[in-house]
Amino acid sequence: MSYIEKLRKSREKSQVAYAEFALHTKKGKDGLFCFFEGNDNAYYVPRIKRFTDNYYPINCGGRDKVLEVYRLITIHAEYDKYKKAFFIDRDFNEPLPPHNPPIFETPCYSIENFYASVDVFKEILKNELHLSEVSDEAFQVCISLFTQRQQEFHQATSLINAWYACLIEIRNQTGNQTGVNLVDKLPKDFIHFTLDSVVQKYDCETIKHKFPQALEVSEDILNIKLDDFTRCEQYKTFRGKYEMEFVVTMIQLILQDSSNSKNYIKDKIKFTFGEKLSNEQAISLFSVYAETPESLNNYLALLHSKDS
């Protein structure tokens with residue numbers, strides 16, 4: 001598909017979302033209209049419902065599409081009276097400047113990063129894998145494995161995260177497209193991931209070969225970004241889909257070990273959903289345990305106060 005075709009389809013998505021909102025208003029609907037990038041509902045809706053049950057989710061098809069729908073709506077004064085909430089991921093962009101009406105932007109890379117902390121993993125162990133924090137030795141073993149492997153995972157994925165962050169900065173500064181369309185998971189064979197270790201198996205040349213259409217990133221710019229990434233909270237800063245992939249893979253490896261080799265987990269752990277779990281399924285299944293930033297609560301409380 002050519003760039004022009006992708007651009008046309010992209011514009012169609014925002015137009016469809018805008019048309020859905022307009023159709024709601026024509027039918028006299030009066031609630032909180034919630035505009036999401038994609039399948040973010042599973043994370044946001046339980047938190048929205050703490051403030052209201054009267055809401056309408058609308059999928060816009062990406063960060064830029066949410067912002068385009070925002071523009072389409074705000075240029076029509078007749079829509080000012082409707083309650084609207086817009087939710088976007090920050091990704092590797094600079095923080096969005098204040099907007100009126102306001103837009104919620106994640107303080108981390110994306111909603112998936114809200115699932116990647118050790119505290120969230122503890123909740124998953126206790127409530128989904130049914131391990132006791134005080135009576136199951138496996139609980140502490142799993143926590144130790146998680147923290148060690150996550151540190152190694154961040155070391156192993158620092159390069160591709162830094163490279164992609166540089167691409168986004170270049171795009172935002174020049175207007176040139178990155179030439180890259182990342183999927184949910186890391187490229188195959190970029191890392192070797194077991195319960196014993198996470199090992200990096202790629203370098204800059206590997207990245208260039210995998211993404212031949214990507215913009216050129218100078219070595220100096222890349223090294224500056226790599227240095228920056230040594231001083232950040234990596235589970236919040238790095239690409240969220242990769243962080244979720246880490247969490248899901250850890251769960252799968254722990255379940256496999258408890259069922260087969262038993263190198264770390266001596267007793268079989270039962271998990272309702274089996275060993276195969278996608279990132280998207282994990283967002284829904286573990287939503288109740290994910291972190292909720294204060295900025296999101298404040299945003300929803302502000303919208304709710306306008307409804308009072």
Side-chain angles (χ1 to χ4, degrees), residues 17 31-63 66 85-91 103-131 133 139 142-143 146 150 153 183-185 233-255 269-304:
L32 180 63
F33 295 95
C34 301
F35 298 88
F36 302 117
E37 287 192 15
N39 298 317
D40 301 346
N41 310 45
Y43 173 78
Y44 284 115
V45 166
R47 290 154 177 84
I48 291 168
K49 286 175 67 67
R50 295 172 189 170
F51 295 88
T52 180
D53 288 320
N54 188 17
Y55 69 95
Y56 303 98
I58 299 176
N59 183 335
C60 299
R63 171 190 166 93
V66 174
F86 300 86
F87 302 90
I88 63 172
D89 293 336
R90 178 170 297 173
D91 301 336
I103 298 172
F104 175 76
E105 180 182 56
T106 56
C108 50
Y109 185 98
S110 67
I111 63 164
E112 286 90 346
N113 299 77
F114 295 138
Y115 295 73
S117 73
V118 66
D119 288 335
V120 172
F121 190 67
K122 287 178 181 179
E123 293 298 309
I124 294 171
L125 292 179
K126 289 185 287 188
N127 297 291
E128 299 297 335
L129 304 190
H130 309 293
L131 295 178
E133 193 168 358
F139 182 90
C142 289
I143 294 302
F146 182 91
Q150 189 177 54
F153 180 81
V183 296
D184 286 5
K185 294 188 176 184
E233 288 187 281
Q234 293 166 329
Y235 84 92
K236 293 181 179 180
T237 305
F238 284 7
R239 187 169 187 253
K241 285 182 170 56
Y242 294 163
E243 293 299 305
M244 181 63 88
E245 181 184 359
F246 169 79
V247 173
V248 168
T249 302
M250 278 298 302
I251 292 171
Q252 291 171 345
L253 291 173
I254 286 169
L255 292 172
I269 297 174
K270 294 181 179 180
F271 181 52
T272 305
F273 294 86
E275 294 177 5
K276 294 296 181 182
L277 186 68
S278 69
N279 283 12
E280 193 169 295
Q281 289 170 326
I283 289 175
S284 178
L285 179 61
F286 304 141
S287 176
V288 66
Y289 315 121
E291 296 175 345
T292 304
E294 184 179 359
S295 57
L296 177 56
N297 283 329
N298 291 341
Y299 179 73
L300 294 172
L302 174 65
L303 296 175
H304 181 65

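Taking each heavy atom of A85 and L303 in turn, the nearest pair found is CB-CD1, 3.5 Å. In plain terms, the two heavy atoms of G240 and Y109 that are nearest each other are N-CD2, 3.2 Å. Nearest heavy atom pair, residue V120 against residue A290, reads CG2-CA, 4.2 Å. Taking both residues in full, the closest heavy atoms of I48 and C34 are given as CD1-SG, 3.7 Å, listed atom of the first, atom of the second, then distance. Contact detail for P46 and A42: the closest heavy-atom pair is CD-O, 3.3 Å.
Using a 4.5 Å heavy-atom cutoff, the side chains of S287 and F114 are not in contact. Side-chain atoms of C142 and M250, non-hydrogen and from C-beta on, never get closer than 4.5 Å to each other. Residues R47 and L300 meet the side-chain proximity criterion, which asks for heavy atoms closer than 4.5 Å. Residues V118 and Y235 are not in side-chain contact: their nearest non-hydrogen atoms beyond the backbone lie 4.5 Å or more apart. Y43 is listed as a side-chain neighbour of T292, based on a closest heavy-atom distance under 4.5 Å.
Within the 3.5 Å criterion, the main-chain N or O of A116 finds a donor-acceptor partner in the side chain of Q150. Judged by distance alone, with hydrogens and angles left aside, the side-chain atoms of N113 form no donor-acceptor pair with the main-chain N or O of E243 at under 3.5 Å.
Proximity of the aromatic rings of Y299 and F87 is defined here by a centroid distance below 6.0 angstrom, and this criterion is met. Separation of the Y115 and F286 ring centroids does not fall under the 6.0 Å cut-off.
Here the CG atom belonging to L302 is positioned 12.5 Å from the OG atom belonging to S295, to the nearest 0.5 angstrom. Taking CG of L296 as the start and OG1 of T106 as the end, the distance is 10.0 Å to the nearest 0.5 Å. Atom CD1 of I111 sits about 13.0 Å away from atom CD1 of I88, to the nearest 0.5 Å. The distance from atom SG of C108 to atom CZ of F238, rounded to the nearest 0.5 Å, is 13.5 Å. With values rounded to the nearest 0.5 angstrom, I143 atom CD1 is found 5.0 Å from L125 atom CG. Between the CG atom in N41 and the CZ atom in F36 there is a gap of 5.0 Å [rounded to 0.5 Å].
Applying the side chain to side chain contact (heavy atoms under 4.5 Å, CB included) test to K126 and every residue at least two apart in sequence or in another chain returns E123, E133, F139.
Counting only N and O atoms by type, the side chains of Y289 and E128 include a donor and acceptor under 3.5 Å apart. Side-chain contact of E112 with S110: a donor-acceptor pair under 3.5 Å is present, judged by distance alone.
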K236/S117 under side-chain contact (heavy atoms from CB on, under 4.5 Å): CA gap, chis, key distance, verdict: CA-CA 8 Å; K236 293 181 179 180; S117 73; over 6 Å; no
E245/D184 under side-chain contact (heavy atoms from CB on, under 4.5 Å): CA gap, chis, key distance, verdict: CA-CA 8 Å; E245 181 184 359; D184 286 5; over 6 Å; no
Full working for side-chain contact (heavy atoms from CB on, under 4.5 Å) between L285 and I124: CA-CA 10 Å; L285 179 61; I124 294 171; over 6 Å; no
Steps toward side-chain contact (heavy atoms from CB on, under 4.5 Å) verdict (I254, F146): CA-CA 10 Å; I254 286 169; F146 182 91; over 6 Å; no
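For Q281, the CD atom is densely surrounded, since the number of other residues' heavy atoms within 6.0 Å is greater than 12.
Contact check on R63 versus E37 returns no salt bridge, with no Lys/Arg side-chain nitrogen under 4.0 Å from an Asp/Glu carboxylate oxygen.
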